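Below is one structure, written out as structure tokens, with a few remarks after it.
Predicted, not measured: the structure shown is a model, and the values here were computed from it. This chain uses plain numbering: 1 for the first residue, then up along the sequence.
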Amino acid sequence: YIACREMTFGGVSGVYENGLIWNGSALAFPDVDSAVAEDANTLLITLKDRARRRFFSNDTARIERVLALLREKGAAGE
């Protein structure tokens, strides 16, 4: 299942006007309550319904760019 999900979303992963697709998961910007860099390679996003999502990347600059974008879209720090 995980491999199929990664293959399906891998081709469309990225930042879009209303959200992002990353690590096989779609996320709408209006649903984000807060976002923090849990460590250099992990972004922890808390949604307005209090669900949490972790996004991972070996590229620390990518984590920083996505965190800055989420803050620009209104996400608070925790």
Side-chain angles (χ1 to χ4, degrees):
Y1 170 78
I2 294 170
C4 289
R5 184 180 70 189
E6 290 297 323
M7 288 176 15
T8 301
F9 284 104
V12 296
S13 290
V15 176
Y16 294 89
E17 183 177 346
N18 296 316
L20 63 96
I21 299 174
W22 191 4
N23 294 129
S25 182
L27 181 71
F29 293 133
D31 294 340
V32 175
D33 185 45
S34 65
V36 295
E38 201 169 46
D39 59 44
N41 299 316
T42 309
L43 184 61
L44 176 62
I45 299 172
T46 304
L47 304 176
K48 291 187 178 172
D49 68 359
R50 306 315 301 160
R52 289 187 166 193
R53 301 237 183 116
R54 282 185 174 80
F55 292 96
F56 306 97
S57 177
N58 291 331
D59 183 357
T60 57
R62 179 182 295 165
I63 295 288
E64 292 169 6
R65 287 190 310 268
V66 172
L67 181 58
L69 175 68
L70 289 170
R71 295 272 167 78
E72 179 183 310
K73 297 288 186 178
E78 287 191 331

Suppose the criterion is ring-ring contact (aromatic ring centres under 6.0 Å, His included): which pairs have a residue in residues 26-73, not counting sequence neighbours?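 ring-ring contact (aromatic ring centres under 6.0 Å, His included) check on residues 26-73 returns W22-F55.
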Measuring from L70:CG to S34:OG, what's the distance to the nearest 0.5 Å?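 It comes to 10.0 Å.
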Please report the interatomic distance CD1(I45) to CG(L20), rounded to the nearest 0.5 Å.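 The CG atom of L20 is 6.0 Å from CD1 of I45, to the nearest 0.5 Å.
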Smallest separation among heavy atoms of L67 and A35, with atom names: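 Answer, listing the atom of L67 first, then A35: CD1-O, 3.5 Å.
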Any residue meeting side chain to side chain donor-acceptor pair (under 3.5 Å) with [X], in chain and number order, not counting sequence neighbours:
X   : answer
D39 : T42
R65 : none
S13 : none
N41 : none

Salt bridge (charged side-chain N to carboxylate O under 4.0 Å, His left out) partners of residues 15-33, not counting sequence neighbours, each pair once: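 The answer is D33-R50.
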Where the side chain of K48 meets the backbone of P30, is there a donor-acceptor pair that is under 3.5 Å apart?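 Checking the backbone N and O of P30 against the side chain of K48, a donor-acceptor pair under 3.5 Å is found.
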Are K73 and V32 close enough that some pair of their side-chain heavy atoms sits under 4.5 Å apart?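 Not in contact.
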